[in-house]
Amino acid sequence: MLKQAMIGILTEVEADELYGAFDQIGNIIILRIPDSLLHKRKIIGEVLLDKVKTARSVYCQSSPVEGDFRIRKLELLAGEDKTETEYKEHGCRFKVDVEKTFFSPRLSTERDRIAGLIKEGETIINMFGGVGMFSIVAAKKKKCHVYNIDINPDAERLCSENILLNKLKGTVESIEGDATKVIEERLLEAGDRVLMLLPERSDEFLDSAIKGAKKKAIIHYYCHIHAEKKDQVALLAPQYFLSVVNVKSEILGAKIVRPVGPRFYQAVVDAAISK
Ligand SMILES: C[S@@+](CC[C@H](N)C(=O)[O-])C[C@H]1O[C@@H](n2cnc3c(N)ncnc32)[C@H](O)[C@@H]1O
(Lines give C-alpha, C1' and ligand atoms only; values in the text may rest on other atoms or scores of the structure.)
Protein backbone atom coordinates (compact mmCIF):
# COMPACT_ATOMS: atom_id res chain seq x y z
CA MET A 1 0.00 0.00 0.00
CA LEU A 2 2.80 2.36 1.01
CA LYS A 3 4.65 1.43 -2.16
CA GLN A 4 1.67 2.11 -4.39
CA ALA A 5 0.99 5.42 -2.71
CA MET A 6 4.56 6.55 -3.32
CA ILE A 7 4.62 5.87 -7.08
CA GLY A 8 5.91 8.98 -8.78
CA ILE A 9 7.39 10.35 -5.53
CA LEU A 10 9.87 7.61 -4.60
CA THR A 11 11.67 4.88 -6.51
CA GLU A 12 10.79 1.28 -5.60
CA VAL A 13 14.05 0.93 -3.65
CA GLU A 14 13.38 4.14 -1.71
CA ALA A 15 9.81 3.03 -0.91
CA ASP A 16 11.13 -0.31 0.40
CA GLU A 17 13.64 1.50 2.58
CA LEU A 18 10.91 3.70 4.03
CA TYR A 19 8.62 0.74 4.69
CA GLY A 20 11.04 -0.75 7.24
CA ALA A 21 11.09 2.56 9.08
CA PHE A 22 7.33 2.96 9.44
CA ASP A 23 5.32 2.49 12.65
CA GLN A 24 1.63 3.17 13.16
CA ILE A 25 0.62 3.68 16.78
CA GLY A 26 -3.12 4.31 17.10
CA ASN A 27 -3.81 7.14 14.68
CA ILE A 28 -0.21 8.38 14.58
CA ILE A 29 2.35 7.36 11.96
CA ILE A 30 6.03 7.70 12.83
CA LEU A 31 8.69 7.47 10.12
CA ARG A 32 12.44 7.33 10.35
CA ILE A 33 13.36 9.02 7.11
CA PRO A 34 16.80 8.30 5.68
CA ASP A 35 18.96 11.40 5.07
CA SER A 36 18.72 10.85 1.32
CA LEU A 37 14.93 11.35 1.46
CA LEU A 38 14.74 14.17 4.00
CA HIS A 39 14.03 16.76 1.31
CA LYS A 40 10.89 14.82 0.35
CA ARG A 41 9.62 14.33 3.91
CA LYS A 42 6.67 16.75 3.80
CA ILE A 43 5.23 15.28 0.60
CA ILE A 44 5.76 11.75 1.95
CA GLY A 45 3.85 12.78 5.08
CA GLU A 46 0.98 14.29 3.12
CA VAL A 47 0.62 11.26 0.84
CA LEU A 48 0.60 8.90 3.84
CA LEU A 49 -1.97 10.97 5.69
CA ASP A 50 -4.18 10.88 2.61
CA LYS A 51 -3.81 7.13 1.98
CA VAL A 52 -3.86 5.72 5.52
CA LYS A 53 -7.45 6.35 6.49
CA THR A 54 -6.86 5.54 10.18
CA ALA A 55 -4.04 8.11 10.48
CA ARG A 56 -4.59 11.56 11.95
CA SER A 57 -0.96 12.69 12.17
CA VAL A 58 2.32 11.83 10.47
CA TYR A 59 5.60 12.58 12.25
CA CYS A 60 9.19 11.89 11.42
CA GLN A 61 11.65 11.01 14.14
CA SER A 62 14.15 13.86 14.33
CA SER A 63 16.42 12.58 17.11
CA PRO A 64 17.48 9.17 18.38
CA VAL A 65 15.78 7.75 21.49
CA GLU A 66 17.81 9.52 24.18
CA GLY A 67 18.17 10.75 27.75
CA ASP A 68 16.97 9.27 31.04
CA PHE A 69 13.38 9.06 29.80
CA ARG A 70 14.41 7.25 26.57
CA ILE A 71 12.33 9.59 24.41
CA ARG A 72 12.75 10.99 20.92
CA LYS A 73 12.03 14.29 19.20
CA LEU A 74 9.38 14.30 16.49
CA GLU A 75 8.72 16.68 13.61
CA LEU A 76 5.15 16.99 12.34
CA LEU A 77 4.98 16.23 8.60
CA ALA A 78 1.23 16.30 8.09
CA GLY A 79 -2.05 16.37 10.00
CA GLU A 80 -2.83 17.32 13.58
CA ASP A 81 -0.03 18.09 16.07
CA LYS A 82 -1.15 15.76 18.86
CA THR A 83 1.28 13.15 20.19
CA GLU A 84 -1.16 11.35 22.52
CA THR A 85 -3.16 8.47 21.09
CA GLU A 86 -4.80 5.19 22.04
CA TYR A 87 -3.15 1.91 21.10
CA LYS A 88 -4.52 -1.62 21.41
CA GLU A 89 -2.42 -4.73 21.96
CA HIS A 90 -3.06 -8.25 23.28
CA GLY A 91 -6.61 -7.29 24.25
CA CYS A 92 -5.46 -4.27 26.31
CA ARG A 93 -5.98 -0.55 25.70
CA PHE A 94 -3.22 1.98 26.22
CA LYS A 95 -3.04 5.74 26.25
CA VAL A 96 0.42 6.59 25.00
CA ASP A 97 2.28 9.80 24.24
CA VAL A 98 4.77 9.04 21.51
CA GLU A 99 6.88 12.11 22.27
CA LYS A 100 6.74 12.53 26.06
CA THR A 101 7.22 8.85 26.93
CA PHE A 102 9.06 5.82 25.61
CA PHE A 103 6.86 3.59 23.53
CA SER A 104 7.61 0.89 20.98
CA PRO A 105 5.07 -1.30 19.15
CA ARG A 106 8.05 -3.48 18.18
CA LEU A 107 8.24 -4.95 21.70
CA SER A 108 4.77 -6.50 21.38
CA THR A 109 6.05 -10.08 20.93
CA GLU A 110 8.37 -9.72 23.92
CA ARG A 111 5.49 -8.43 26.08
CA ASP A 112 3.46 -11.49 25.16
CA ARG A 113 6.41 -13.79 25.85
CA ILE A 114 6.97 -12.35 29.34
CA ALA A 115 3.24 -12.53 30.16
CA GLY A 116 3.34 -16.20 29.12
CA LEU A 117 6.19 -16.97 31.55
CA ILE A 118 4.50 -15.48 34.61
CA LYS A 119 2.96 -17.87 37.12
CA GLU A 120 -0.33 -17.15 38.87
CA GLY A 121 0.15 -15.32 42.17
CA GLU A 122 3.56 -13.83 41.37
CA THR A 123 4.69 -10.38 42.48
CA ILE A 124 6.52 -8.59 39.70
CA ILE A 125 8.75 -5.54 39.86
CA ASN A 126 8.89 -3.76 36.51
CA MET A 127 11.80 -1.40 37.26
CA PHE A 128 11.54 0.67 34.08
CA GLY A 129 7.86 0.22 33.37
CA GLY A 130 7.04 3.23 31.15
CA VAL A 131 3.30 3.66 30.53
CA GLY A 132 2.69 0.15 31.84
CA MET A 133 2.76 -1.91 28.64
CA PHE A 134 4.51 -5.03 30.00
CA SER A 135 2.79 -4.76 33.38
CA ILE A 136 -0.73 -4.47 32.00
CA VAL A 137 -0.36 -7.16 29.31
CA ALA A 138 0.98 -9.48 32.05
CA ALA A 139 -1.72 -8.68 34.60
CA LYS A 140 -4.49 -9.15 32.00
CA LYS A 141 -3.15 -12.60 31.14
CA LYS A 142 -2.17 -13.91 34.60
CA LYS A 143 -3.39 -13.26 38.14
CA CYS A 144 -0.38 -11.39 39.57
CA HIS A 145 0.63 -8.16 41.31
CA VAL A 146 2.86 -5.72 39.41
CA TYR A 147 4.79 -2.69 40.64
CA ASN A 148 5.34 -0.47 37.57
CA ILE A 149 8.12 2.02 38.39
CA ASP A 150 9.16 4.88 36.12
CA ILE A 151 11.14 8.06 36.69
CA ASN A 152 9.28 9.98 33.96
CA PRO A 153 6.21 11.72 35.48
CA ASP A 154 4.33 11.52 32.15
CA ALA A 155 4.90 7.76 32.00
CA GLU A 156 3.65 7.39 35.59
CA ARG A 157 0.53 9.49 34.80
CA LEU A 158 -0.27 7.49 31.66
CA CYS A 159 0.36 4.21 33.46
CA SER A 160 -2.13 5.24 36.17
CA GLU A 161 -4.69 6.02 33.44
CA ASN A 162 -3.96 2.73 31.66
CA ILE A 163 -4.51 0.78 34.88
CA LEU A 164 -8.01 2.27 35.11
CA LEU A 165 -8.69 1.79 31.36
CA ASN A 166 -7.91 -1.92 31.74
CA LYS A 167 -9.72 -2.33 35.08
CA LEU A 168 -6.55 -3.36 36.92
CA LYS A 169 -6.74 -1.04 39.94
CA GLY A 170 -5.13 -2.81 42.90
CA THR A 171 -3.39 -5.32 40.60
CA VAL A 172 -0.92 -3.04 38.83
CA GLU A 173 0.53 -0.17 40.90
CA SER A 174 2.08 2.82 39.16
CA ILE A 175 5.00 4.35 41.07
CA GLU A 176 6.91 7.47 40.01
CA GLY A 177 10.57 7.50 40.96
CA ASP A 178 14.06 6.15 40.54
CA ALA A 179 13.86 2.34 40.61
CA THR A 180 16.85 2.07 42.95
CA LYS A 181 15.26 4.38 45.53
CA VAL A 182 11.79 2.84 45.23
CA ILE A 183 13.21 -0.65 45.79
CA GLU A 184 15.31 0.50 48.78
CA GLU A 185 12.37 2.31 50.35
CA ARG A 186 9.54 -0.16 49.85
CA LEU A 187 10.25 -3.23 47.71
CA LEU A 188 13.19 -5.07 49.31
CA GLU A 189 12.89 -8.81 48.59
CA ALA A 190 9.39 -8.27 47.17
CA GLY A 191 9.65 -9.66 43.63
CA ASP A 192 9.24 -13.20 42.35
CA ARG A 193 10.23 -11.66 39.04
CA VAL A 194 12.10 -8.47 38.15
CA LEU A 195 12.02 -6.87 34.69
CA MET A 196 14.94 -4.65 33.68
CA LEU A 197 14.00 -3.12 30.35
CA LEU A 198 16.63 -0.37 30.24
CA PRO A 199 19.27 -2.22 28.19
CA GLU A 200 21.71 0.70 27.98
CA ARG A 201 22.08 0.83 31.78
CA SER A 202 21.20 -2.65 33.08
CA ASP A 203 24.55 -3.15 34.81
CA GLU A 204 24.11 0.02 36.84
CA PHE A 205 20.80 -1.31 38.20
CA LEU A 206 21.58 -5.02 38.58
CA ASP A 207 22.34 -4.75 42.34
CA SER A 208 19.01 -2.99 42.89
CA ALA A 209 17.19 -5.65 40.85
CA ILE A 210 18.75 -8.30 43.10
CA LYS A 211 17.78 -6.34 46.22
CA GLY A 212 14.18 -6.21 44.99
CA ALA A 213 14.15 -9.92 44.21
CA LYS A 214 13.03 -12.58 46.71
CA LYS A 215 15.63 -15.16 47.90
CA LYS A 216 14.72 -17.19 44.82
CA ALA A 217 13.48 -15.17 41.87
CA ILE A 218 13.66 -14.65 38.14
CA ILE A 219 15.36 -11.67 36.54
CA HIS A 220 14.78 -10.62 32.96
CA TYR A 221 17.98 -8.79 32.14
CA TYR A 222 18.00 -6.77 28.88
CA CYS A 223 21.29 -5.75 27.30
CA HIS A 224 22.95 -4.75 24.05
CA ILE A 225 25.32 -7.24 22.45
CA HIS A 226 27.73 -6.93 19.52
CA ALA A 227 27.94 -10.15 17.49
CA GLU A 228 29.34 -11.00 14.08
CA LYS A 229 26.57 -13.54 13.60
CA LYS A 230 23.00 -13.45 14.87
CA ASP A 231 23.12 -16.97 16.33
CA GLN A 232 26.04 -16.04 18.64
CA VAL A 233 23.82 -13.69 20.66
CA ALA A 234 22.06 -16.46 22.63
CA LEU A 235 25.51 -17.54 23.91
CA LEU A 236 27.18 -14.15 24.31
CA ALA A 237 24.36 -12.52 26.28
CA PRO A 238 24.28 -15.15 29.09
CA GLN A 239 28.10 -15.18 29.19
CA TYR A 240 28.03 -11.45 29.70
CA PHE A 241 25.29 -11.65 32.34
CA LEU A 242 27.20 -14.29 34.31
CA SER A 243 30.29 -12.08 34.24
CA VAL A 244 28.47 -9.16 35.91
CA VAL A 245 26.01 -10.83 38.30
CA ASN A 246 27.21 -11.45 41.88
CA VAL A 247 24.66 -14.02 43.09
CA LYS A 248 24.12 -17.65 42.13
CA SER A 249 22.35 -17.69 38.76
CA GLU A 250 20.99 -20.31 36.45
CA ILE A 251 20.35 -19.27 32.87
CA LEU A 252 16.83 -20.22 31.80
CA GLY A 253 17.11 -18.79 28.32
CA ALA A 254 18.38 -15.96 26.18
CA LYS A 255 17.32 -14.48 22.88
CA ILE A 256 17.43 -11.51 20.56
CA VAL A 257 14.61 -9.06 21.22
CA ARG A 258 15.36 -6.95 18.14
CA PRO A 259 18.30 -5.79 16.07
CA VAL A 260 19.35 -2.24 16.95
CA GLY A 261 22.12 -1.68 14.42
CA PRO A 262 24.53 -3.53 12.14
CA ARG A 263 25.83 -6.57 14.12
CA PHE A 264 24.28 -5.02 17.24
CA TYR A 265 21.33 -6.56 19.07
CA GLN A 266 19.03 -5.95 22.00
CA ALA A 267 18.94 -9.25 23.87
CA VAL A 268 17.23 -10.63 26.94
CA VAL A 269 18.61 -13.11 29.45
CA ASP A 270 16.12 -14.94 31.68
CA ALA A 271 17.91 -16.01 34.84
CA ALA A 272 16.85 -17.77 38.03
CA ILE A 273 18.82 -16.24 40.89
CA SER A 274 19.22 -17.44 44.46
CA LYS A 275 20.76 -15.49 47.32
C1 LIG B 1 13.35 1.48 27.35
S2 LIG B 1 12.08 2.28 28.28
C3 LIG B 1 11.04 0.90 28.65
C4 LIG B 1 9.63 1.31 29.01
C5 LIG B 1 8.62 0.16 29.11
N6 LIG B 1 9.14 -1.00 29.82
C7 LIG B 1 8.10 -0.24 27.75
O8 LIG B 1 8.55 -1.25 27.21
O9 LIG B 1 7.25 0.49 27.21
C10 LIG B 1 12.91 2.63 29.77
C11 LIG B 1 12.08 3.43 30.79
O12 LIG B 1 12.87 3.56 31.98
C13 LIG B 1 12.60 4.81 32.57
N14 LIG B 1 13.73 5.10 33.48
C15 LIG B 1 14.97 5.55 33.17
N16 LIG B 1 15.72 5.63 34.27
C17 LIG B 1 14.97 5.19 35.32
C18 LIG B 1 15.20 5.01 36.70
N19 LIG B 1 16.36 5.32 37.25
N20 LIG B 1 14.20 4.52 37.46
C21 LIG B 1 13.00 4.21 36.90
N22 LIG B 1 12.71 4.38 35.59
C23 LIG B 1 13.67 4.86 34.81
C24 LIG B 1 12.42 5.75 31.39
O25 LIG B 1 11.68 6.88 31.75
C26 LIG B 1 11.71 4.83 30.36
O27 LIG B 1 10.31 4.98 30.45
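Counting convention: from 1, in listed order, for ligands and their atoms alike. It should be emphasised that the depicted structure is a prediction, and the values quoted were computed from it without experimental measurement.
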If you have a sec, work out which protein heavy atom is nearest [atom] and how many Å separate them, to one decimal?
atom	answer
atom 12 (O) of ligand 1	F128 CB, 3.2 Å
atom 1 (C) of ligand 1	L197 O, 3.4 Å
atom 9 (O) of ligand 1	F102 CD2, 3.6 Å
atom 22 (N) of ligand 1	I151 N, 3.2 Å

Do R193 and E122 sit within salt-bridge range, that is, some charged N less than 4.0 Å from a carboxylate O?
yes
Donor-acceptor check, side chain of [X] to backbone of [Y], threshold 3.5 angstrom: yes or no?
X	Y	value
R201	L198	no
K95	E161	no
N162	V131	yes
E80	K82	no

Do we see a donor-acceptor contact under 3.5 Å between the side chains of D154 and T101?
no
Between [X] and ligand 1, find which residue part has any heavy-atom pair under 4.0 Å and reply side chain, backbone, both or neither.
X	value
T180	neither
A155	neither
F205	side chain

If you count the atoms of ligand 1 from 1 in the order shown, which ones are under 4.0 Å from a heavy atom of [X]?
X	result
L107	8 (O)
L198	10 (C), 15 (C), 16 (N)
F134	8 (O)
G177	20 (N), 21 (C)
N152	25 (O)
M127	21 (C), 22 (N)
D178	18 (C), 19 (N), 20 (N)

Does atom NZ of K119 have more than 12 heavy-atom neighbours, drawn from other residues, nucleotides or ligands, at distances under 6.0 Å?
no
State, yes or no, whether a side-chain contact exists between V58 and L31 at a heavy-atom distance under 4.5 Å.
yes
Quick check: do L242 and S249 have side-chain heavy atoms less than 4.5 Å from each other?
yes
If you measure from atom 24 (C) of ligand 1 to every heavy atom of D154, V65, D68, which option wins on shortest distance?
D68
For ring-ring contact (aromatic ring centres under 6.0 Å, His included), just list the numbers for H224 and Y265, CA-CA rounded to whole Å, side-chain angles, deciding distance to a tenth of an Å, and then say yes or no.
CA-CA 6 Å; H224 285 153; Y265 301 91; over 10 Å; no
Whether F103 and Y87 hold their rings parallel, tilted or perpendicular, with breakpoints at 30° and 60°
perpendicular
Is the closest heavy-atom distance from F69 to ligand 1 below 4.0 Å?
yes
Could you tell me whether some N/O pair between A179 and ligand 1 is separated by less than 3.5 angstrom?
yes
Close N or O approach (D150, ligand 1; < 3.5 Å):
yes
